[in-house]
There are 2 protein chains.
Amino acid sequence: MRYSKQREALLSLLRSTRSHPSAQWLYENLRKEFPNISLGTVYRNLALLEEKGYIVRIHTTSNTEHYDGFVDKHQHFVCRMCGKITDVDIDNTDVIQSQAAEKSGGKIEDYSLIFYGICSECCQK
Amino acid sequence: MRYSKQREALLSLLRSTRSHPSAQWLYENLRKEFPNISLGTVYRNLALLEEKGYIVRIHTTSNTEHYDGFVDKHQHFVCRMCGKITDVDIDNTDVIQSQAAEKSGGKIEDYSLIFYGICSECCQK
DNA sequence: ATCAGTAATGATAATCATTACTGATTTCTG
DNA sequence: CAGAAATCAGTAATGATTATCATTACTGAT
């Protein structure tokens, strides 16, 4: 993987936020520094960075993908009112993973655990 | 919700399999009984049935949604080789859910737990 | 420092799953 | 049975993502 300014900026932007942005948001914000950057470049580099393990892709009920620059294993909570994604740390998930390995018969490499509900801000409204 | 043949057939087809089909697969198989059924009808009813809680939508790394006619809470395992989705039952997930509620501050209504890896069939190849 | 090779880019077109629209048909209630 | 409303089939539109392609920009060797 050869160096590129755009990719470095993308990764650094992703690592600067905990908001789990979409490709569109990243595109719009990268345009401040790279007015001519292409949306295709954003998608291409997101795929590349995910493949190499530098970022994580989050699949939710929403029809758009979200990305996370923090790769230390953790979980997410999605608010069904405002759509915001926040981090949640759950302990002892290895128990679950070993139980799944046992019951499925196959080789389990990873898992995704996403919580849905109403976030504290939206609860107050 | 008013009765319709197409919707009943869709629900019954979904309940007859453990393969967690996509909209496209359901459409193709419903055409055996309803040669003129529309893909739009399939999507419309999938959305309706999900909203009413009769079926579950499964979001995976694949770019298409999959559906499950069995709504008793359980988890899924997705093979990254063949793409097949199988059921996995994990015990004591309520521990996780209560831990998430505690740590997130919000109100947690549901969660999705999906395992990724290589299924037993693909392991043998 | 320049060069050649090749990966990455920007611009744009293509893809493909899903959703919206429309006029005809079916279901249900009185 | 009739009329209102939901549902349908068919099809166009949408929107996120991916692919294409000519040009540009890294990088290691001369």
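Residue numbers start from 1 in every chain, and the chains themselves are labelled A, B, ... in the order their sequence lines are given, proteins ahead of strands.
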**OP:** Look at all strands and tell whether A:R44 reaches a base, only sugar-phosphate, or nothing, counting heavy atoms closer than 4.0 Å.
**Re:** base

Original post:
According to the interplanar angle, ranging from 0 to 90°, do the rings of B:Y111 and A:F115 count as parallel (below 30°), tilted (30 to 60°) or perpendicular (above 60°)?
Top reply: tilted

**OP:** Using only side-chain N and O atoms of B:K5, determine if any of them is under 4.0 Å from OP1 or OP2 of C:dT27.
**Re:** yes

Original post:
Any side-chain heavy atom of B:E109 within less than 4.5 Å of one from A:R80?
Top reply: yes

Original post:
Quick one: is A:Q24 getting a side-chain N or O under 4.0 Å of the D:dT17 phosphate, OP1 or OP2?
Top reply: no

Subject >> Gap between atoms CZ and C1', on A:R7 and D:dT24 respectively (whole Å) >> reply: 15 Å

**OP:** Round to a whole Å and report the spacing from CE of A:M1 to P of C:dT9.
**Re:** 10 Å

Subject >> Toward the 5' end of DNA chain C, by each residue's nearest nucleotide, B:E65 or B:Y3 >> reply: B:E65

Subject >> Spacing between A:L39 atom CG and C:dA8 atom C1', to the nearest angstrom >> reply: 16 Å

**OP:** Report yes if at least one side-chain N or O of A:S4 is closer than 4.0 Å to OP1 or OP2 of C:dT9; otherwise report no.
**Re:** yes

Subject >> N-O pairing of A:K73 and A:D110 below 4.0 Å >> reply: yes

Original post:
Are B:D87 and B:H76 side-chain neighbours, meaning at least one heavy-atom pair lies under 4.5 Å?
Top reply: yes

**OP:** Confirm from the modelled atom types if A:S38 and C:dA11 form a donor-acceptor pair under 3.5 Å, side chain to base only.
**Re:** yes

Original post:
When you check the phosphate oxygens OP1 and OP2 of D:dA9, does a side-chain N or O of B:T41 lie under 4.0 Å from one of them?
Top reply: yes

Original post:
In whole angstroms, how far is the P atom of C:dA11 from the OH atom of A:Y27?
Top reply: 8 Å

Subject >> Side chain of B:N45 - closest among C:dA8, D:dC8, D:dT7 >> reply: D:dC8

**OP:** Let me know the distance between CD of A:E51 and P of D:dT18, rounded to the nearest Å.
**Re:** 12 Å

**OP:** Looking at every strand, decide which applies to A:Y43 at a 4.0 Å heavy-atom threshold: base, sugar-phosphate, or nothing.
**Re:** base

Original post:
Expressed in angstrom and rounded to an integer, what is the separation of A:L26 atom CG from D:dA16 atom C1'?
Top reply: 14 Å

Original post:
With nearest nucleotides of DNA chain D determined for B:R2 and B:P35 from heavy-atom distances, which residue corresponds to the more 5′ nucleotide?
Top reply: B:R2

**OP:** Return the value, rounded to whole Å, for the distance between atom NE2 of B:H59 and atom P of C:dA17.
**Re:** 17 Å

Original post:
Would you say the side chain of B:T93 lies within less than 4.5 Å of the side chain of B:Q75, judging by non-hydrogen atoms?
Top reply: yes

**OP:** Please write out which residues are connected to A:L10 in a hydrophobic cluster, directly or through intermediates, given that two of Ile, Leu, Val, Met, Phe, Trp, Tyr count as joined at side-chain heavy-atom separations below 4.5 angstrom.
**Re:** A:M1, A:L11, A:L13, A:L14, A:W25, A:L26, A:Y27, A:L30, A:F34, A:I37, A:L39, A:V42, A:Y43, A:L46, A:L48, A:L49, A:Y54, A:I55, A:Y67

Original post:
If a stem is a run of at least 3 consecutive Watson-Crick or G-U pairs, both distances under 3.5 Å, which stems include DNA chain D?
Top reply: C:1-30 with D:1-30

Original post:
Can a side chain N or O of A:N63 be found less than 4.0 Å away from OP1 or OP2 on D:dT17?
Top reply: no

**OP:** Give a yes-or-no answer on whether the side chains of B:H74 and B:D89 include a donor-acceptor pair shorter than 3.5 Å.
**Re:** no

Subject >> Atom pair distance, as rounded to whole Å: CG in A:L46 and P in C:dT9 >> reply: 11 Å

Original post:
Does the side chain of B:F77 come within less than 4.5 Å of A:K103's, by heavy atoms?
Top reply: no

